[in-house]
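Here the structure comes first, spelled out in structure tokens, and everything after it is commentary.
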Amino acid sequence: MRKYLPLSLSARHSYPNSVRYFKRIGISIVYLFMQSRIQQAAREFVLRQYGVEASVVVNRPPRVEMGDLALPLAMELARKLRRPPRQIAEEVAAALRSVAGVAKADVAGAGYVNLFLDRAAYAAQLGAPLEAGASATTAAGGKLIVEHTNINPNKAAHIGHLRNAALGDTFVRLLRARGHTVEVQNYIDNTGVQVADVVVGFLYLEQKKEEDVARLAQDPAARFDYYCWDLYARVTRFLAEDSARLELRNRTLQEIEEGHTLAARVAEIVSTAIVRRHLATMLRLNVRYDLLPRESEILHLRFWDQAFELLQEKRAIYLETEGKNKGCWVMRQTEGNREQGIGNSAEEEDGGQDTKVIVRSNGTVTYVGKDIAYQLWKFGLLGKNFFYRPFETYPDGRTVWVSSSEPGSGSPPAFGQGQKVYNVIDVRQSYLQKIVAAGLRALGYTEQADRSIHFSYEMVALSPRCCDEMGIELSAEERQRPFIEVSGRKGLGIKADDLLDRLLEEAYKEVLSRHSDQPDDFRRRIAQQIAIGALRYFLLRYTCNTIIAFDFHEALSFEGETGPYVQYAVVRARNIFRKLEEEGGRFDENAVTPAVLERFLAAPEGDAFWELLYQASQWDAVAELAIATTEPAAVAKYAFQLAQGFNNFYHRFRILTEQDEARKMFLLWLVKRVEDRLTTTLDLLGIEVPEAM
RNA sequence: GCGCCUGUAGCUCAGUUGGAUAGAGCGUUGGUCUCCGGAACCAAAGGUCGGAGGUUCGAAUCCUCUCAGGCGCGCCA
């Protein structure tokens, strides 16, 4: 017998709006619907019968035989009502028996109310196929903005950036699948220190002319992002050798910010070429963007000046007249902020406590200041806007736009004006993200501050073993550590494209051994889908606050809890139908009548089928949970468990050789339902299903 | 010094914001196949949930203390 696979779901909240919405567009959300219906019935009964408001949790019993849904509410009520919990549970159970869709209600243990659903009725509602992508245009509730990737445009993307993009992109897919309108922004810090460093490298270290850099950036064979990766590491050493050289960087940085200088032109060449490389890398992973807002426009369109005025007006910042921050504009520390741990008590001695410098004494604005301006713009609160021009067109015809200082061509969508903003940024920037939110709050935009979500995640580091494999030398002290932090400055890390290439190679070997008779482009396509599936799943299976100590062995694995495992389950399901056709058979959906469902889902013979179907139906609740907790790993886990459930079923039951025609049709129907949900779930993870494996 | 995060099986990680007998993958050991393709399936072994108190019907989950590790705390981004 297969084991029961516990699925982590609960229903603290009801989803009336979602239910209505999905009914309207025809997406099957049977599970959430049942859950909220029962929740509501229980709440109403408790209020009517006992006159108390109860928090009605609906979850699942520990074992399937005990029921489909569980309500552990009687124990809590027992205290308030001063009556035995089991007695209360009996009364609740009796009340819930009359709820449509409930077949049976038991009382178990200390006072759990366990519900058994009407299997056939439930199954009949799962008939409607999911309408993929039917969501974006019709959702209510305003636009959500998700900012992710945000790689400094001065070097190739590395494995840590891939985690950011995979999380951000998956979150976007989840939101869209749940009917939200989403705008994806990838912020480009094209005037920062990191770009300046590479410019210094080209102009001073390599003594290159503007045309040389332009030519190099155009040359596909040069792998410009890789070239800059190495150059950046060299510049870092160059600057470290002689502190006087730092002046070179400062001057370059200033020239870049001014614009119209040689350094600015080279910076533009470098950052634009690198961004194109980044987009290409991310596209390999099925990651796309709508808009690339750039720091240069934030500067040139004077977004900061506008934000500065607002902040002064509301006295959110003030000019420090004494102490170490004399001459700077600093942000006050409010009570609310202090609660959230913002402030710097290390400076208690010199009067600079609980403040954050926003404008330096030389008049330039810090990174946080620019970020506050950008965040205000995202909510449509700045009173200024970017101009836009098309940056690139994706193979599917969609356009990525980039910010511009002048009116551009084309007709861009109405960017910005978000109702809620998710910033996918690693956990080390928590402090700064809090200051940004505190800035909004100080301006009186408390609601927007609350709707500024820092989608925080931990870094990807390298395991010491991984460093060995890559020939990275470690000190004795480093060797003792559980992981080694990647460093762009040192050129220490795994480049995203290298990892992808290696995965492709491994996948291709596997495909070759199984499909030696197939054309090579077929094999390449499949190998690529498998490689991407493996990588995206690997990056998504860990919860956000888990540090991933990168390990080749685990990342290159195609067995066990991996993307390919899930892909394989879908391929198997589809093979059944393909084989059926080859044999001249036909799947007739209409043959699966309510009576057929009734017959084959009935306990106990139908338990295995029901379990699988029930599990497959929980797609909606998982997506909702992942959104509410900003935890895409829940979806990855679900995909794996459902695939596992299917693989087990696949082994236990022969379908094509089934003699009972009604049973055969029922089994095919079940496979179809599971395949459908698995495909949808993989799509949420940005993973495609190969034609064969 | 202050703040945040983490500690669960040999290893890597889940664990439904307090619920019933703590789960998975890998690894180990032993099984399954004239098959809808084995990138699969089944089983076994393996856990004082870092430690100590507390809160209550009930704690891996909440509170306090403590030990260990990580990350932040700049007129860098």
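For clarity, every value in this text was computed on a predicted model and none was experimentally measured.
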Using the [atom1] atom in both, what is the distance from [N] to [M], to the nearest Å?
| N | M | atom1 | value |
| --- | --- | --- | --- |
| rU29(B) | rU56(B) | C1' | 44 Å |
| rC5(B) | rC41(B) | C1' | 39 Å |
| rA52(B) | rC67(B) | P | 15 Å |
| rU12(B) | rG70(B) | P | 15 Å |
| rA20(B) | rU66(B) | C1' | 32 Å |
| rA24(B) | rC62(B) | C1' | 26 Å |
| rU17(B) | rG3(B) | C1' | 22 Å |

Practice problem: Look at the rings of Phe538(A) and Tyr542(A) and say which category their plane angle falls in: under 30° parallel, 30 to 60° tilted, over 60° perpendicular. | Solution: perpendicular
Quiz prompt | Tyr537(A)/Tyr565(A) under ring pair (Phe, Tyr, Trp, His ring centres under 6.0 Å): CA gap, chis, key distance, verdict | solution = CA-CA 10 Å; Tyr537(A) 192 94; Tyr565(A) 176 93; 9.2 Å; no
I'd like to know if [X] reaches the base of [N] with its side chain, counting only an N/O donor and acceptor under 3.5 Å.
| X | N | result |
| --- | --- | --- |
| Arg514(A) | rA39(B) | yes |
| Asn154(A) | rA77(B) | no |
| Thr546(A) | rC13(B) | no |

Quiz item: Can the positive tip of Lys672(A) be found less than 6.0 Å from the middle of the six-membered ring of Phe577(A), inside 45° of the ring normal?
Solution: yes
Quiz prompt | Ion pair Glu691(A)/Arg574(A), N-O distance below 4.0 Å | solution = no
Quiz item: Is it true that Arg663(A) and Glu658(A) have a side-chain N and a carboxylate O under 4.0 angstrom from each other?
Solution: yes
Quiz item: In dot-bracket, 5' to 3', how would RNA chain B read with Watson-Crick or G-U wobble pairs under 3.5 Å, [ ] for crossing ones and | for pairs to another strand?
Solution: (((((((..((((.....[...)))).(((((.......))))).....(((((..]....))))))))))))....
Measure from the side-chain heavy atoms of [X] and tell me the nearest of [options].
| X | options | answer |
| --- | --- | --- |
| Arg360(A) | rC75(B), rA20(B), rC41(B) | rC75(B) |
| Tyr568(A) | rC36(B), rC75(B), rA39(B) | rA39(B) |
| Ile547(A) | rU21(B), rC73(B), rG70(B) | rG70(B) |

Could you list all N or O pairs between the protein and nucleotides 54-61 of chain B that sit under 3.5 Å apart?
unit_1	atom_1	unit_2	atom_2	d
rC57(B)	OP1	Arg79(A)	NH1	2.0
rC57(B)	OP2	Arg79(A)	NH1	3.2

Quiz item: Is Tyr565(A) near enough to rC41(B) that one of its side-chain N or O atoms lies under 4.0 angstrom from OP1 or OP2?
Solution: yes
